[in-house]
Amino acid sequence: QVQSVASGGDSVQAGGSLRLSCASSGYGISEHCMAWFRQSPGKEREGVAAVSTGSLKSYADSVKGRAIISRDNAKNVIYLEMSSLKPEDTATYYCARGPSRSCDRGWFSGRFFTFWGPGTQVTVSS
């Protein structure tokens with residue numbers, strides 16, 4: 001079965017840290033840009049971070065300096081480490097597969113990415 005499943009979400013206090021994981025099966029992440037997105041109720045989906053097959057990384061301004069995306073091709077897993085969490089980071093986080101090896105400039109829109117539900121919930125309380 002082709003899918004990517006996100007996990008690691010939790011309820012944390014502001015200022016805390018989390019590491020999200022996304023395990024993929026049925027395909028090799030080594031062939032694809034991989035990215036994290038998030039969405040909270042009433043808001044549009046937001047691109048959080050992306051990593052190309054060459055490990056070039058891109059971050060949304062909202063998480064820059066607080067997030068690190070990484071990939072382990074051997075394990076077919078990507079990670080998102082977030083620190084100094086804020087209440088506005090509260091959302092359901094999804095990982096997604098890009099259509100190519102590079103993460104194009106417009107990756108944050110999620111266009112042409114493949115998403116699998118249901119994501120993992122991150123709740124940050126003040």
Side-chain angles (χ1 to χ4, degrees):
Q1 186 177 6
V2 178
Q3 63 179 0
S4 293
V5 179
S7 62
D10 204 350
S11 295
V12 299
Q13 295 282 333
S17 301
L18 277 177
R19 188 175 84 154
L20 306 181
S21 300
C22 171
S24 298
S25 57
Y27 74 98
I29 66 167
S30 61
E31 303 294 317
H32 296 273
C33 162
M34 298 295 295
W36 287 95
F37 295 81
R38 66 186 181 187
Q39 188 167 23
S40 52
K43 293 187 178 181
E44 291 189 359
R45 184 180 62 201
E46 174 188 21
V48 177
V51 58
S52 72
T53 57
S55 291
L56 292 176
K57 302 172 184 180
S58 180
Y59 299 95
D61 288 343
S62 58
V63 301
K64 204 167 287 184
R66 302 189 296 118
I68 300 175
I69 186 171
S70 59
R71 63 194 300 150
D72 186 332
N73 290 338
K75 294 182 179 179
N76 226 31
V77 177
I78 67 167
Y79 304 98
L80 180 69
E81 297 180 67
M82 294 191 67
S83 59
S84 301
L85 284 162
K86 304 175 182 180
E88 49 263 45
D89 294 319
T90 295
T92 301
Y93 284 71
Y94 303 88
C95 58
R97 183 185 72 186
S100 64
R101 292 175 174 269
S102 63
C103 300
D104 297 331
R105 189 177 301 177
W107 69 267
F108 51 84
S109 74
R111 190 179 181 191
F112 303 126
F113 276 72
T114 301
F115 292 81
W116 291 271
T120 188
Q121 179 66 36
V122 173
T123 302
V124 184
S125 56
S126 57

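All figures in this text were calculated on a predicted structure; none of them were measured in a lab.
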Checklist entry - Between Trp116 (side chain) and Val2 (backbone), is there a donor-acceptor pair under 3.5 Å? => result yes
Item to check | side-chain contact (heavy atoms from CB on, under 4.5 Å) involving Phe108 - partner list, sequence neighbours excluded | outcome: none
Checklist entry - Nearest heavy-atom pair of Pro118 and Tyr94: which atoms, and what distance? => result O-CE2, 3.3 Å
Item to check | Ring-face cation contact, Phe113 with Arg45, 6.0 Å cut, 45° max | outcome: no
Next on the checklist: So does Ser52 get a backbone contact from the side chain of Arg71, meaning a donor-acceptor N/O pair under 3.5 Å?
Outcome noted: yes
Checklist entry - What pair of heavy atoms forms the shortest contact from Ala60 to Gly47, and how long is it? => result CB-O, 3.2 Å
Checklist entry - Under a 4.5 Å side-chain heavy-atom rule over Ile, Leu, Val, Met, Phe, Trp and Tyr, are Val51 and Val5 clustered together? => result no
Checklist entry - Only one of Val122, Val63, Thr92 forms a side chain to side chain contact (heavy atoms under 4.5 Å, CB included) with Arg38, so which one is it? => result Val63
Checklist entry - Atom CG in Asn76, atom CD1 in Ile29: separation rounded to 0.5 Å? => result 5.0 Å
Checklist entry - Is Tyr59 reachable from Ile78 through a run of hydrophobic residues whose side-chain heavy atoms are each under 4.5 Å from the next? => result yes
Item to check | Any side-chain heavy-atom pair of Met82 and Tyr93 under 4.5 Å | outcome: yes
Checklist entry - Where is the tightest heavy-atom contact between Glu46 and Ser62, given as atom of each residue plus distance? => result OE2-OG, 2.9 Å
Item to check | Minimum heavy-atom distance Leu20-Thr120, with the two atoms named | outcome: CD2-CG2, 4.1 Å
Checklist entry - Between OG of Ser55 and CG of Asn73, what distance do you get to the nearest 0.5 Å? => result 7.0 Å
Checklist entry - How many angstroms lie between OG in Ser17 and CZ in Arg19, if you round to the nearest 0.5 Å? => result 12.5 Å
Item to check | side chain to side chain contact (heavy atoms under 4.5 Å, CB included), paired with Val12, selected from Thr123, Thr90, Val124, Asp89 | outcome: Val124
Item to check | Residue that, paired with Tyr27, satisfies side chain to side chain donor-acceptor pair (under 3.5 Å) out of Ser30, Ser25, Ser24 | outcome: Ser24
Item to check | Rounded distance [0.5 Å steps], CD in Gln121 versus OG in Ser40 | outcome: 9.0 Å
Item to check | Closest non-hydrogen atom pair, Lys64 against Asp61 | outcome: NZ-OD1, 3.1 Å
Next on the checklist: With salt bridge (charged side-chain N to carboxylate O under 4.0 Å, His left out) as the rule and sequence neighbours excluded, what pairs involving residues 95-110 come up?
Outcome noted: Glu31-Arg101
Checklist entry - Rounded to the nearest 0.5 Å, how far does OH of Tyr79 lie from SG of Cys95? => result 12.0 Å
Next on the checklist: For residues Phe115 and Trp107: do they belong to one hydrophobic cluster (side chain heavy atoms under 4.5 Å, members Ile, Leu, Val, Met, Phe, Trp, Tyr)?
Outcome noted: yes
Next on the checklist: Could you measure the distance from the NZ atom of Lys57 to the SG atom of Cys103? Nearest 0.5 Å is fine.
Outcome noted: 11.5 Å
Next on the checklist: Any non-hydrogen side-chain atom of Met34 less than 4.5 Å from a side-chain atom of Ser4?
Outcome noted: yes
